Amino acid sequence: AVQGAQHSELQVCSRISSMVAPGAAPVPDLPHLTAAAQEALRRLGPVVTASDVAQQLGCGTALAAEHLTMAESRGILCRDQGPEGL
């Protein structure tokens, strides 16, 4: 397969890393979350979805989901499947 340099694993990880860095996006007002959960959001950085990554990288959501899995395997981000979905 042929891919542009902007879609190399290094570039994709770099762009995803900048999306999830603490302070990259304002913390949403989620009054239903506990104070500890809200603090965790501030410390850990914003939540991103495959749709967010697709929009940022200009690719489809299926490919964006693969990019997120790859970034997760490289330790760039982590998936939270907890009850509060942080």
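Residue numbers start at 1 and run along the sequence shown. Predicted model only: the values in this text are computed from it and were never measured.
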For the CE atom of Met19 and the CD1 atom of Ile76, what is their distance to the nearest 0.5 Å?
13.0 Å

Test Arg15 against His67 for side chain to side chain contact (heavy atoms under 4.5 Å, CB included), laying out the working first.
CA-CA 10 Å; Arg15 292 185 67 187; His67 288 327; over 6 Å; no

Using side-chain contact (heavy atoms from CB on, under 4.5 Å) as the criterion, list what pairs up with Thr49, not counting sequence neighbours.
Ser51, Asp52

Would you list the atom pairs, donor with acceptor, under 3.5 Å between side chains in residues 54-63 and any protein atom, with sequence neighbours excluded?
none

What's the spacing between Ser14 OG and Glu9 CD if we round to 0.5 Å?
13.5 Å

For Glu39, check salt bridge (charged side-chain N to carboxylate O under 4.0 Å, His left out) against everything at least two apart and list the hits.
Arg42, Arg43

Closest approach of Cys13 to Ala71 (non-hydrogen atoms, all atoms of both residues)
SG-CA, 4.3 Å

So CD1 of Ile16 and CG of Leu68: to nearest 0.5 Å the spacing works out to 5.0 Å

